[in-house]
4 protein chains.
Amino acid sequence: MPSKPKTKPAAPPSAGRPRKSPRERASTGRAPARRRADAKTADARRAAILAAALDVFSRHGFATARLDDVAAKAGIAKGTLYLYFASKEALFEELIRSHVTPLLDNLESAAAGAPPAALIARFFELFRTEILGTERKFILQLLISEGARFPAIAEFYHREVVSRGLHLIRSAIRDGGDAGMLPADTLERFPQLIVAPLILSIVWDSLFGRIDPLDVEGMLQAHARLLTAGKSSQ
Amino acid sequence: MPSKPKTKPAAPPSAGRPRKSPRERASTGRAPARRRADAKTADARRAAILAAALDVFSRHGFATARLDDVAAKAGIAKGTLYLYFASKEALFEELIRSHVTPLLDNLESAAAGAPPAALIARFFELFRTEILGTERKFILQLLISEGARFPAIAEFYHREVVSRGLHLIRSAIRDGGDAGMLPADTLERFPQLIVAPLILSIVWDSLFGRIDPLDVEGMLQAHARLLTAGKSSQ
Amino acid sequence: MPSKPKTKPAAPPSAGRPRKSPRERASTGRAPARRRADAKTADARRAAILAAALDVFSRHGFATARLDDVAAKAGIAKGTLYLYFASKEALFEELIRSHVTPLLDNLESAAAGAPPAALIARFFELFRTEILGTERKFILQLLISEGARFPAIAEFYHREVVSRGLHLIRSAIRDGGDAGMLPADTLERFPQLIVAPLILSIVWDSLFGRIDPLDVEGMLQAHARLLTAGKSSQ
Amino acid sequence: MPSKPKTKPAAPPSAGRPRKSPRERASTGRAPARRRADAKTADARRAAILAAALDVFSRHGFATARLDDVAAKAGIAKGTLYLYFASKEALFEELIRSHVTPLLDNLESAAAGAPPAALIARFFELFRTEILGTERKFILQLLISEGARFPAIAEFYHREVVSRGLHLIRSAIRDGGDAGMLPADTLERFPQLIVAPLILSIVWDSLFGRIDPLDVEGMLQAHARLLTAGKSSQ
DNA sequence: GATGAATGAGTGTTCATTCAT
DNA sequence: AATGAATGAACACTCATTCAT
């Protein structure tokens, strides 16, 4: 995961979120001058920290991760971390947050009025290309393993991703008629059944990936076939 | 498993092995004196420690859990822990191990030559009654969240539970003919698809259980229907 | 040093010293009957403990030695130690004490009115045969390395051994006339000069014995020649 | 020794090495910023720690010494210790090392081609002024009492001090002809006989210094007389 | 803003000692 | 007397956080 130039639309760090990290420029009233140069540097630093944090947290988990390592990997001094993030927890939470939002819009716009089967196909494809091959996989693993200890993060993720995603699926199923998806009403009630293999693949990878790799692509194709099984046979 | 000479399940947690003393000392070979009273006490203490450990580890995770708390909750002194477990890690690993083995026999014996659909039904029922309602749920959550940091545990679980469970399913599908299960060959290749919702329910519970409880029973019934969807329609 | 059947006139454990260890037979007023059988066992146990203690203390030093190891090596339970010795410190002190006294009588009687040169020869010979080749070497090393932390032991040793030994030498020199020993008055004032190489050999062995063994016998012969140097040349 | 490329004396304790920071971090290669003020402070702190360590280790011995006490006595927080020394053992070893090297040069340069008797006189004088009256006495006592448990230290001391010192004596004896030293060949073979009283005085002081102080100066003079006894009489 | 030395609370582990059996 | 399980005080070491420069 380190040095992966692929997808990094990560956190648009100058976007609308009221980032307050560089300590709300307290004290001195001088030097409100420079903007572009330093602003870019600050954003770059922030990004570097987040990238380093992802690497270190992924490797060791939240509790065992050392901010020393994060700072070293980000190429900054340890104290500098606290200019950008209020605490280890804050860094962790913002790390998760920064990697969560982007994908959603992608999904929602991409699957407006498509038929359910297409949506699912698109869904799985997105998962494989935008998550499995990416640092986002590690975010998901962190979320799964540490989420219970970070209720705010869990709630945020539920609100921003899970409920939106499930809603997306429900809508597609409802709107798409019974375009082949056999137990449409069932899946409308439990859209989790559609994503369950995705979760399994994440968990499987973190636990058994080394000793018994899983053919995720094959499994997802099989799952898609399963979900649309009735179509051809009816 | 009493008739399965395969692997060494480390610490048969309740069996009758005459554990001579906590942490058997290699030194003396004498004095097998009193037995009844203390043996029971030692087992009880061990059980109390494991129970306390499950509680504390579940609440805080491995790294953040304090052995002080475990000892206090077990009603013993901190040093006593080390008469029963060599280290925090050993305690954790034995905690997982001690809760893993039992269920297996249950499964394997229960579903000898049953038809796939019945096996799945039985499978889900076992999951609901023997895991969801039990401390085993926490064991599973611990396994999922900490397993990546405990390769020995992950491997043990894969060997003792996962591979055996998947093998069980595969066999049933193969033997059971296509007794209604639509894509039998598919499920034989990816039996993970059958258990995926179980994993999802565990993860969901740990993350969103508080804010958005999941109707696991309903979902599993739906899943079972999904898996056997073609039956009635064919 | 373990399993060295040579010299073990160690501590005559039933001699006049008011050993009080087996806990001054408190509580029960019964069973003052048996004597020989158990007394012998008790003495044997006591000896076994002291032997084990010598081994363990020698290997690890006082602070790092573990009473577990002493008990194990003595073939008794840990708690039993406290029936014979009040504490780790008491065990250590009695260990030193038990090995100290015997040699003195030997010396004093052996060198009654002998000429100084003969005394010194006898002295060095005794050192080589009764200390260097014996467990007493370890006692001396323990004394040297731990004595500063055990004032009672140091004082005891000074009183029982050092001052008596030095007195012995002084007397011999004074009584023996200047039978060849060159600076008789000098050595009478500093008999330590005679024993200094003995101490050095003990220290040298414990520090450098492994990497640069010392020919103690040769050195002592040379020392003896040095001390009686003037004799032949005058 | 400045002209002696032989061994690496580990940590030149006061030299000008621009120690970048306590416990040089392998990570960043930047920021050699401030130097004067902090560099001095860092060295002072290091010295303060070593001084405190000498005091505490001398008083209690290695195993019983508490790093809490060292830190308190050095006027720093406990964690700060670990910025300067990797562990208790490392602190102890560097403590010994830091006090060992300096004296050597002194000796070697001071006694180039001097006659043996003069060398010995100089030797004993150095011992009295540079060791007995100094903290080095405690270093020697620590070495003697703990050396057996620190092979690296013992070897280091043997290499840096003992062998060099003995070599010095041997050379002087050989080069100095038999300028009065009676058994020149004997002493050349066992130069330890010359230093034995020094060791004895160190041991004596640590054990009996309180109850029976030793006139070291008198003893050393007597020893010198003994060593050169034949001169006047021949 | 950036640095990194300093801090000190926190915790796993050891082991001499006790005591119920 | 003997046992050995239980105790709990003690301590080395870590690391998130602070702050003087």
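Proteins come first, then strands; the chains are lettered A, B, ... in the order of their sequence lines, and each starts at number 1.
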S.K.: Can A/R46 and A/E94 be counted as an ion pair, charged N to O under 4.0 angstrom?
M.R.: yes

S.K.: Once you round it to whole Å, what is the distance between P of E/dT17 and CD of C/E89?
M.R.: 8 Å

S.K.: Rounded to the Å, how far apart are A/L83 CG and F/dT17 C1'?
M.R.: 12 Å

S.K.: Between A/R45 and E/dG1, is there a contact of a side-chain N or O with OP1 or OP2 at under 4.0 Å?
M.R.: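 Indeed not, no polar side-chain atom of A/R45 lies that close.
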
S.K.: I'd like to check C/L91 versus C/L50 (side-chain heavy atoms, cut-off strictly below 4.5 Å). Are they in contact?
M.R.: yes

S.K.: Between protein and nucleic acid, restricted to nucleotides 8-11 of chain E and to nitrogen or oxygen atoms under 3.5 Å apart, what atom pairs and distances do you find?
M.R.:
from: E/dG8; atom 1: N7; to: D/G79; atom 2: N; distance (Å): 3.3

S.K.: Would you mind reading off the distance between D/H60 atom NE2 and F/dC11 atom C1', rounded to a whole angstrom?
M.R.: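 After rounding, the gap between these two atoms is 14 Å.
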
S.K.: Less than 4.0 angstrom from a charged side-chain N to a carboxylate O is my criterion; do A/K73 and A/D69 meet it?
M.R.: no

S.K.: Calculate the interatomic distance between C/L81 atom CG and E/dC15 atom C1'; express it in whole Å.
M.R.: 13 Å

S.K.: Hey, does D/L95 have a side-chain heavy atom less than 4.5 Å from the side chain of D/I49?
M.R.: no

S.K.: Is the backbone N or O of D/D55 less than 3.5 Å from a side-chain atom of D/S58, with the two atoms forming a donor-acceptor pair by type?
M.R.: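 No, because the side chain of D/S58 does not come within donor-acceptor range (under 3.5 Å) of the backbone of D/D55.
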
S.K.: In the structure I gave you, are the side-chain heavy atoms of D/F150 and D/F62 within less than 4.5 Å of one another anywhere?
M.R.: yes

S.K.: Could you tell me whether the side chain of C/T80 and the main chain of C/I76 form a donor-acceptor pair under 3.5 Å?
M.R.: no

S.K.: Over how many whole Å does the gap from B/F85 atom CZ to E/dG12 atom P extend?
M.R.: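 Result: 15 Å.
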
S.K.: Residues two or more places apart in sequence or in another chain: which of them pass side chain to side chain donor-acceptor pair (under 3.5 Å) with B/K78?
M.R.: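 For B/K78, the residues satisfying side chain to side chain donor-acceptor pair (under 3.5 Å) (neighbours in sequence not counted) are B/D68.
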
S.K.: Rounding to an integer number of Å, can you tell me how far A/Y82 OH sits from E/dA5 C1'?
M.R.: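 Those two atoms, OH and C1', are 15 Å apart.
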
S.K.: OH of A/Y84 versus P of E/dT3: gap in Å, rounded?
M.R.: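 In whole Å, E/dT3 P and A/Y84 OH are 9 Å from each other.
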
S.K.: Dot-bracket notation for DNA chain E is requested: 5' to 3', Watson-Crick or G-U wobble pairs only, both distances under 3.5 Å, with ( ), [ ], | and . as defined.
M.R.: .||||||||||||||||||||

S.K.: Taking all non-hydrogen atoms of both residues into account, name the closest pair between B/V56 and B/A65 and its distance.
M.R.: CG1-CB, 3.7 Å

S.K.: Without decimals, in angstroms, what is the distance between C/D69 CG and E/dT14 P?
M.R.: 13 Å

